[in-house]
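Report on the following structure.
A quick note: this is a predicted structure, and the numbers were derived from the prediction, not measured. Nothing fancy with the numbering, it's 1 onward along the sequence.
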Amino acid sequence: MAHFSSEDEAVLQAMLRQLFQSVKEKITGAPSLECAEEVLLHLEETDENFHKYEFVKYLRQHICNTLGSMIEEEMEKCTSDQNQGEESGYDTIVQHVTKRTQESKEYKEMMHSLKNIMMVVVESMINKFEEDEIRSQERQRKIQKEKSNSYCTDNCSDSDSPVNQSYKFCQGKLQLILDELDPGHPKEVRYEALQALCSAPPSDVLNCENWTTLCEKLSVSFSDPDPVFSDRILKFYAQIFTLSPLHMTKEIYSSLAKYLELYFLSRENHIPTLSTGIDVTNPNVNCLLKKVRLLNDYQKEAPSFWIRHPEKYMEEIVESTLSLLSVKHDQSHLGSQKILDPMYFFALIDTKAVWFKKWMHAYYSRAVVLRLLEKKYKSLIATAVQQCVQYLELCEAMKADDILGHSKHCGNVQKTFYYSGQELQYIYFIHSLCLLGRLLIYTQGRKLFPIKMKNRKNSVSLTDLLVLFIQLICYSPCCPKMISATHSENYSPASMVTEVLQILCDQTDCAVECLYNSTVIDTLLHPVHHLMKGTKAAPNCSETALIHIADILARIASVEEGLILLIYGENMNSCEEEESSTGAHIIAQFSKKLLDEDISIFSGSEMLPLLKGAFISVCRQIYGTCEGLQVLLQYSLHESIAKAWKKTNLLSERIPTPVEGSDSVSSVSQESQNIIAWEDNLLDDLLNFAATPKGLLLLQRTGAINECVTFMFNQYTKKLQTHRQKKFGCGVLVAQVASTAAGAAALQKSGFINALITELWSNLEFGRDDVRVTHPRSTPVDPIDRSCQKSFLELVNLLSYPAVYELVGNQDLPNKAEYSLREVPTCIIDIIDRLIILNSEAKIRSLFNYEQSHIFGLRLLSVVCCDLDSLLLLEAQYQISKMLLHAQEENLLEISESHRDFIIDGLSVERNHVLVRINLIGGPLERILPPRMIDKGDDSYSWPMFSSYPLPHRYLSEVARNVDVKQDSDLGKLLFCFKMSDKQTEWIENCRRQFCKMMKAKPDIISGGALVELLEKFVLHLTENASECYFPSVEYTATDANVKNESLSSVQQLGIKMTVRYGKFLNLLKDGAENDLALVLKHCERSLKQQQSPIKSSLFCLQGNYAGYDWFVSSLFMIMLGNKEKTFQFLQQFSRLLTSAFLWIARLHSSRYLPADTIESGIHPVYFCSAHYIEMLLKAEVPLVFSAFHMSGFAPSQIFLQWITQCFWNYLDWIEICHYIATCIFLGPDYQVYICIAIFKHLQQDILQHTQTQDLQVFLKEEALHGFRVRDYFEYMEILEQNYRPVLLRDMRNIRMQST
């Protein structure tokens, strides 16, 4: 205090004045003193300039000078304690230092000193304020005295504080004001009374007994010709609206609405007519607009608080509004002069009907509005519809240049003060359009239709209204390009209608009821029909209008119900001729014509690329689905888009590179930017073909797959969606693309795999860069840390067998002598080398997190090896089982001289699981896999570990081995059918009926020798019928001696050992079976090579024989109980049937029966045909599962391909595998699809559960199909056959190259 001088006091006063001046509005706006204190206490949180105030700076400096050294000492003390072993976070240290500081003597002294200083300063400021207030009051009284002889023209006086006046405003004063407001008094007296009223606190005015009388007086005073007087009343009303609760303001609102209603109904008032227009500068019009504006402002604010009050208040406001808006003048005595209704003025103030949008938003108010509209004010809706009808009739009758005058003012930069009749009609139309659009969103709003209209015989239904809207897009003009580009508010009719329709499209229930019908679709496509015939669609149907139409169609096609309507029309069972005229066909034909520039009307148009892009976007929504692609296949859109892309690519290559230092905008013209954007758009369109298996084949045929995948990768790095309606990133596309060899190669070239592995390594080894060093990474609890889970799933999606073979096949591991700690892997080989096969100390030392990283690698190996072809490839190239056994050997701990035991840890348990998984073959009941978890307690892991083969017996299931069943009576009936060869047309169906009967009743009979006899006889009889043979007979004369010396690949040799091991386990094969199976495989390889077409390709899978192991031949060998002669003879006959193309994957490898471009793609018919229908039927039959796949970013086709390729080995028990093969042979190749759909149906609950836990891919690849039996779903598959067989078999038969 001794150092606090008068100068310091003055400085502090100035600082406080600056602070209070800055927060004046916040404090004065507080409803109470407590709220004002809360505002000041939380000022730092709410005021961004808080730390810039001089007073705050003064306080901070004062604290720093007084307590700074003490705080630093405490911080150093806490830090030293932490280094000595006390663990505490940063927040804990701050709390500790703060507490010690507040308890210190220095802090208490500082607070006492500050309090004394501030008391002196504040007391001085209060005294000075009181002196200033006294002088102000004296000056005010002097001014009032000088003005007592004249009326006041000021704004409402704020000089007198409401607090000071509230105590002297009483009932008598209000009665006096009421008397003075009487129209009989002089103008000066009335002004003075109004001035006093405006100066009074609104709460006191509203709480007076004479409030109702005051409202009546004010309503009468509104009619005063003096605009100043009217303005003063409006300001009083505005003040009431702002400061008073709803139960008070609703009376003001209702009185103002009632006044306006009477004003418009009165013939004495000079309301403008439609022919004269509205001149805003006219005092009467200006005053009227101000009143409407005040009502409209309150309309938009009221919904934010009226829910807190009884419904009757809100209902009164709504009804008074609707009553006002429904006012109509009697035109009979006026002739042709149409007096403007209130709605014209509301439309002028609120063109887009924002007030109605807000009233309809919440159910609380929407229910009241709709109820009143239905019961009393339906004429409002009829009038709105009438406005739209009249505008359309005007558009149809007039030329575009004339109509454009209606909307020019909307885009004009300068404010206009005069609105002509035409402009008013247009504004009213826009207001009506927005009102109707908002009404249609809600169910009860749509129930108001049909609407009966004057001068119209038929009522206007919902469909009629939607047709009207679409016609407005076609016939109405668009704003000039300068206007629409410069201003965000575009009031062109086409844009406004499109905006309304877009909102309707986004509301599913609304869209189904309003848009998804053939009448609306036909109206949308009407201009397209005309253009395809070479005629103009409508007088004003420009490219912009067509773009709007395409946008609506794209939104319709993005929803399942809309897509079905476009593809099949309203009658899904219609004939082919009717189907060819559906929306999808018309859109595809028009898009193809646009791409081929076959429509002369648009030749040379600047908007043509945008128009092309808009309609291709609609096609993209269609061909991005399996059923849509089937419909559009005939139009070869992929070829047209690829042709357009190649043409655009040539143009983009000529664009000069921007020079460094120059403005990029000037160096690259707008035209060049448009070319680049158009090229990207076309690549996106092509990429979307990869969303389906058959579409991926088409994309591969265009030769643009590398560029498309690179484009996808660029979008991925920018975290952008590849297209608008895609909701779950590019995961499904990557899984789809990675299912093919060409796709995997494209992913490698694009840099996608490199980026994926780099991101994985960053999360796995380095951790995030933005984590504070003071917080070390926590030890992961899960085997795969959450930060690496996404990368793990992306690798699982990527590593299908075609991708593994393309990326890893015939490549050695680096196996370096030394690895840098900062050496980051860049490819799949590096991942195998650094995370899976850790066979050297150098590899182990190069990992920061050895255990976590190696477990990640082992988990990835486990999933990859579920694909038996990938397992054989990795085993053949890298001897992974030998490496894992060696690692287990090193994990042995010598307990005593005669006893060693395994160290139980995360790595040894994971290795044990992988070793059992890769060595043991069998279905869910045929093998036992050890768990991956270590239990608590002494016996933490009771499963036997091993470091050499054979496996411990505990992992071998004791299921019933193969027992040859006795011949059953039903089986005898089936075998008897084969003797009826004289009736070829009947015996096949008879055999199939008997087979189905047996599968439903006694499926276990169809196994062993009985199954062998059934298959042999059935296939023999089929091949004797020429109509059943799909492939021609091939002469094959080689003997065992001819092929005995031919060598098999290491993959095939390992596959033979695996097959024989499994066959012996099932008691199906005996010793010596390996040699017999090898001979069968050699014969098959030679026989198929005769039917192959030589091809040169960069794909590894096409360079030589079939890349994988022949699991179907091995399955047949086991079915035939190891008889090589029967097996090969059966295969020779079976190879002539269509079913062989889909069951026997190696059958069509590089086959000359396939088109050349299909061979070059390396894509098997099982993928582009069967897998395509798997996704199509899955979406239709088990939609929840289909959605789960997309949400998980995984493609059903990939797991299907894995199941089929290895004949369900490891997924089904042997008896079910036999039933799968027998069912497809007896009933047709389409049953391959039906069985897999039945499997997905069986797994539905598990799939949905694992979608939630975000490990669907891992579950489907690692888990066997528990509980699935073919017999249980036979009736379901028969229903699928009835619904889909014609389409499936037709497409399956079309895989073969047609002879010319």
Side-chain angles (χ1 to χ4, degrees), residues 560 624-630 688-697 726-740 743 793-794 796-803 863 866-867 1142 1145 1163-1206 1208 1211-1212 1220 1230-1252 1254-1265 1268 1273 1276-1277 1280 1284 1288 1291:
E560 182 65 19
T625 64
C626 294
E627 61 272 27
L629 183 63
Q630 287 298 117
N688 210 50
F689 277 100
T692 63
K694 186 170 291 186
L696 185 57
L697 172 67
K726 191 166 184 58
K727 301 179 180 67
F728 302 103
C730 60
V732 176
L733 281 178
V734 172
Q736 205 75 268
V737 169
S739 299
T740 66
L793 295 178
E794 287 176 334
V796 170
N797 283 358
L798 174 69
L799 294 177
S800 67
Y801 177 67
V863 178
C866 291
D867 188 316
F1142 297 92
I1145 304 299
I1163 300 176
H1164 197 279
V1166 164
Y1167 181 74
F1168 68 75
C1169 188
S1170 296
H1172 182 84
Y1173 283 103
I1174 282 289
E1175 298 199 358
M1176 181 172 164
L1177 270 64
L1178 194 62
K1179 183 178 178 181
E1181 297 292 328
V1182 202
L1184 289 178
V1185 170
F1186 182 81
S1187 299
F1189 271 100
H1190 274 254
M1191 290 175 68
S1192 302
F1194 189 49
S1197 56
Q1198 190 180 113
I1199 187 64
F1200 163 79
L1201 193 62
Q1202 183 168 318
W1203 288 341
I1204 297 303
T1205 302
Q1206 62 195 52
F1208 289 101
Y1211 290 105
L1212 291 176
Y1220 155 70
D1230 52 328
Y1231 264 79
Q1232 180 184 69
V1233 175
Y1234 309 147
I1235 288 174
C1236 288
I1237 294 296
I1239 290 173
F1240 284 125
K1241 187 178 179 68
H1242 175 77
L1243 294 175
Q1244 177 166 323
Q1245 290 305 317
D1246 291 325
I1247 288 174
L1248 296 180
Q1249 179 184 341
H1250 286 278
T1251 301
Q1252 291 184 336
Q1254 298 182 0
D1255 62 345
L1256 178 61
Q1257 299 93 315
V1258 179
F1259 164 74
L1260 287 173
K1261 292 196 174 189
E1262 284 195 338
E1263 289 298 317
L1265 304 176
F1268 178 80
Y1273 289 88
Y1276 175 67
M1277 290 189 289
L1280 294 178
Y1284 301 105
L1288 261 69
D1291 217 29

field: Gap between atom CG of Leu1177 and atom NE2 of His1172 - 0.5 Å precision
entry: 10.0 Å
Tyr1220 side chain vs Gln1232 backbone, donor-acceptor pair below 3.5 Å: no
- line: Here the pair of heavy atoms bringing Phe1200 nearest to Ser1170 is CZ-CB, 3.6 Å
task: Not counting sequence neighbours, which residues clear ring-ring contact (aromatic ring centres under 6.0 Å, His included) with Tyr1167? List them please.
output: none
field: Close side-chain approach of Leu629 to Phe689, heavy-atom, < 4.5 Å
entry: yes
statement: Separation between CG (Leu696) and OG1 (Thr740), nearest 0.5 Å, reads 4.5 Å
query: What's the spacing between Gln1257 CD and Ile1199 CD1 if we round to 0.5 Å?
result: 10.0 Å
message: Quick one, Thr1251 and Ser1192 - any side-chain contact, counting heavy atoms below 4.5 Å?
response: yes
query: Is the closest side-chain heavy-atom distance between Leu1288 and Tyr1234 below 4.5 Å?
result: yes
- prompt: Does the side chain of Cys1236 come within less than 4.5 Å of Ile1204's, by heavy atoms?
  reply: yes
query: If we only count heavy atoms from C-beta on, is the Leu1260 to Asp1246 side-chain gap below 4.5 Å?
result: no
message: Within the 4.5 Å heavy-atom criterion, are Val1258 and Leu793 side-chain neighbours or not?
response: yes
- request: Check side chain to side chain donor-acceptor pair (under 3.5 Å) between Gln1252 and all other residues, then give those that pass, not counting sequence neighbours.
  value: none
Any Met1176 side-chain heavy atom under 4.5 Å of Tyr1284 side chain: no
- prompt: At what distance, to the nearest 0.5 angstrom, does CG of Leu1256 lie from CE of Met1191?
  reply: 11.0 Å
- prompt: From Ser1187 OG over to Leu1178 CG, what is the distance, rounded to the nearest 0.5 angstrom?
  reply: 9.0 Å
message: Nearest 0.5 angstrom please: Leu1243 CG to His1250 NE2, how far?
response: 9.5 Å
message: Can you list everything that forms a salt bridge (Lys or Arg N to Asp or Glu O under 4.0 Å) with Asp1255? Sequence neighbours excluded, please.
response: none
field: Heavy-atom closest pair, residues Gly624 and Ala691
entry: O-CB, 3.6 Å
field: His1164: side chain to side chain donor-acceptor pair (under 3.5 Å) partners, not counting sequence neighbours
entry: none
Residues which pass salt bridge (Lys or Arg N to Asp or Glu O under 4.0 Å) with Asp1230, listed by chain and number, not counting sequence neighbours: Arg1285
task: For Glu627, enumerate each residue passing the salt bridge (Lys or Arg N to Asp or Glu O under 4.0 Å) test, keeping only those at least two apart in sequence or located in another chain.
output: Lys1179
query: Taking all atoms of both residues into account, what is the closest heavy-atom pair of Ala1188 and Ile1247, and its distance?
result: CB-CG2, 3.8 Å
query: Is the count of non-hydrogen atoms from other residues, nucleotides or ligands lying under 6.0 Å from Gln1254 atom CD greater than 12?
result: no
message: When you compare the side chain of Gln1202 with that of Lys1261, does any pair of heavy atoms fall below 4.5 Å?
response: yes
task: Kindly write out the residues that satisfy ring-ring contact (aromatic ring centres under 6.0 Å, His included) with Tyr1173, not counting sequence neighbours, or none if the list is empty.
output: none
- prompt: Can you name the closest pair of heavy atoms from Ala738 and Ala803 and give their distance?
  reply: O-CB, 3.5 Å
field: Check: Thr692 side chain, Cys626 main-chain N or O, donor-acceptor pair, under 3.5 Å
entry: no
message: Under the rule for side chain to side chain donor-acceptor pair (under 3.5 Å), what residues qualify as partners of Glu1175, not counting sequence neighbours?
response: Gln736, Ser1197
task: Report the residues that fulfil side-chain contact (heavy atoms from CB on, under 4.5 Å) with Ala735, sequence neighbours left out, ordered by chain and then residue number.
output: Asn797, Phe1194, Ala1195, Gln1198
statement: With sequence neighbours left out, the residues meeting ring-ring contact (aromatic ring centres under 6.0 Å, His included) with Phe1268 are His1242, Tyr1273
- request: Just jot down the ring-ring contact (aromatic ring centres under 6.0 Å, His included) partners of Phe1240, sequence neighbours excluded, or say none.
  value: Phe1189, Trp1203
- line: Sorted by chain and residue number, the side chain to side chain donor-acceptor pair (under 3.5 Å) partners of Gln1206 (sequence neighbours excluded) come out as none
